[in-house]
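Hydrogens, waters and symmetry mates are skipped; everything else that's a heavy atom, side chains included, is used. All ligand and atom numbering here is 1-based and tracks the order in the structure.
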Amino acid sequence: MAKKRVAVLTSGGDAQGMNAAVRAIVRTALERGVEVCAIFEGYQGMVEGGERIRKMNWNSVGGILQFGGTVIGTARSKEFMTREGRRQAARNLIEHGIDGIIVIGGDGSLTGANIFREEWSSLVAELVQNGDISADVAQQHARLSIVGLIGSIDNDFHGTDMTIGADTALHRITEAVDAITSTAASHQRTFIVKVMGRNCGYLALMGALASGADWVLIPEAPPDVDNWEDVMAERLKAGRKAGRRDSIVILAEGAQDRHGKYIGSSHVQKALEERLGEEVRITVLGHIQRGGRPSAFDRNLGTLMGYEAVETLLAARPEDGLVVIGIKNNRMTHLPLMESVLKTQAVATAISEKDYERAISLRSSSFSDAFKTLRTMIRALPHPIEAGRKRYRIGVLNAGAPAPGMNTASRAAIRFGLDQGHSMIGIHNGFEGLANGEVKELNWMSVSGWASMGGSVLGTNRKVPGGKDFYEMARVIEDNRIDALLCIGGWTAYEAVHAMMLNRSNFPAFNLPMTCLPASINNNLPGSEFSIGADTALNSIVDAVDKIKMSAGATRRCFVVEVMGHHCGYLAAMGGMATGAERVYIHEDGVALKDLQRDVEMLSSGFQAGKRLGLMIRNEYANPIYTTAFMCALFEEEGHNLFDVRPAILGHLQQGGDPSPFDRIQASHFAHLCMESLIQECSQSGTRVSFMGMQDGNIQFHDMQDFERMVDTDHQRPREQWWLDLRNLASMLAQHGPSQL
Ligand code: ADP
């Protein structure tokens, strides 16, 4: 039976990105010709009914993408925990003709939703018995379909890689720890930063990895000794001795020792003050972690999940259980609710039973990988070198345009290599520096503080070497006895390493293992769905566009925002989705005159009907003739007195800035894997040349021989781009609805 009317509600703790989900749900439903209501104040609104349940139109959810929290309100409802409350809620839904709901909340809210769904027929029968509704009405509402979205900053739900709100919370944590680090370093102080996460150390662990913290305490992995306070203090002392100016300890709310005893911040403070003999400060981040504007990732995650939820709800069969929408390997997925809730709760049980191995194993593989990487990164000094073990000399360079996260990746690679007993050679200023012999051996403390720094400390440039450079490069590799090379960079790095591989017969020094780690804001590298830096650039675009939108004030104005990406439309398309741009112009789709004509008409009719702001996003190379200036002039001329047009060329602010938490985490993870691969190759006397990346959730090292086959060389982008499928959805949600504006 076709759905007549559906509703959305947000429940439990608020999470950034819930608004994006509400917007996508309302607009997708309208686009599909289905009426849609919002239930304000969560389950409490469902129990109260009346004005709390309101019909939504296209404009009701306009301009909310950038807001934090949830515009339709959330609450914790005691009444909904009772059968009477749920019966009243059922009555209100029936009164409003609602036969499908989408609940956005944590595992508590979704468990409540499941109970409600299972009780539905008996609740309806009671309503008939009490004379509240007729048997006819009851028959029309024999079933209630429910789809769930997980809004939770803790990222603690089994079966999904991310929950709505977790990425933004990590942004708040890294911003706070970055800020604290600078004051702590000035005064040589120790800080304890307490972050949220009762049964889940995700925020603490990833926050520590992203911010370069020195110690972390999480529920899933308590310290393995009883005198852990001594060990922690010793390590922090050793770090100071090695040259660190600050010590940052990140403490998850639910941290405990191996006997299950809760570890409070004052206990850690006292323990450290006694042992370090210095003042130790505590910062409890608290609700700051829920605050601020949603990150680009959470806006897009909310949007994609919201769309998927409506499609799932409309396709639901009576026999279907409650489905939760998750994201796995960068694609939407459906999770059976109760199984996921049980597995989520199993982590808490494992922790309370002190079965920590099981607790970690129940988390995703990225969790345990991050834990492994962190354990190396936070060491004060590398492990002592095992006698008789062969040591290699591994060069690290950055190449191409600067990408935020290059330093994080370099730091992780260098520390990982040193910890394994190898010599790490920093090559400055890319391939030009390699040719000029700008090389320097690095030690553990050379990279201190790099985790959070934007730009490239090693120095990078876009020179692709050729001819005479090869000769010089070969000489420097030989003189410095470099055994393997890690190139962290974008297109230039790939092209250069590819060229070195092709010139091996002329330059035998190039017969060494080499690997490229994708780092480019353009996200245009083959074999990887994400390259380091793209997430930061996307957030910079979103920040800038939020401000540009606010500047429009009382005028009727259309902005044409030009973003980077060379010929790859990733930043434009994903930036467009995260900012609600009406139109995105990318080179992959091309721009034709008839498109521009249609867009002028769309703008004119929109402004005529009272809209105040237009937003178009254009990739820098979308079309060489229809430039940003041309488009602005055309729209201005055709807009007559109706609206004016302003260009906004975002330029280099997209390449700058401190790396986002996602870029830092990914950079550390990628660097760790690249080093493992290079060391293994060295130990087998191999000479493999490769580029790595994450695709479909798997890390893969591709042979450099495949580079040309996998890319469109003329336009410097991969032949297959996963995100292209998403662009129609973004434009559907941003344009005017079928019947109303
Ligand atoms: P979260 O969804 O963030 O985990 P809570 O656990 O506080 O947050 O749940 C939010 C609301 O969901 C509760 O206030 C209650 O109204 C409803 N709810 C939670 N668990 C149940 C349950 N077992 N039965 C009915 N309603 C529930």
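Nearest-heavy-atom check against atom 13 (C) of ligand 1 across S77, G112, G12 picks out S77. Closest heavy-atom approach to atom 10 (C) of ligand 1 within the set S109, G151, G108: this belongs to S109.
The protein heavy atom nearest to atom 21 (C) of ligand 1 is M81 SD, 3.5 Å.
K194 has no carboxylate O lying under 4.0 Å from a charged side-chain N of E253, or vice versa, which leaves the two without a salt bridge. Taking a cutoff of 4.0 Å between a charged side-chain nitrogen and a carboxylate oxygen, E175 and R172 qualify as a salt bridge. Between R331 and E308 no salt bridge is recorded (no basic side-chain N to carboxylate O distance below 4.0 Å).
In Y43, the part holding a heavy atom less than 4.0 Å from any atom of ligand 1 is the side chain. Of all the heavy atoms of D107, the ones lying under 4.0 Å from any atom of ligand 1 are found in both the backbone and the side chain.
Looking only at side-chain heavy atoms (C-beta outward), R293 and D543 come within less than 4.5 Å of each other.
Heavy-atom proximity to G13, at under 4.0 Å, picks out these atoms of ligand 1: 3 (O). Set against the non-hydrogen atoms of I115, the atoms of ligand 1 under 4.0 Å away are 22 (C), 23 (N), 24 (N). Heavy-atom proximity to S11, at under 4.0 Å, picks out these atoms of ligand 1: 10 (C), 11 (C), 12 (O).
Where the criterion is an N or O separation shorter than 3.5 Å, residue side chain and backbone included, R76 meets it with respect to ligand 1. Between G106 and ligand 1, a contact under 3.5 Å exists for at least one N or O pair.
Within a 6.0 Å sphere centred on CD of E95, other residues, nucleotides and ligands contribute more than 12 heavy atoms.
Side chains of S109 and R76: no donor on one and acceptor on the other come within 3.5 Å.
Between F116 and Y43, the distance from one ring center to the other does not fall under 6.0 angstrom.
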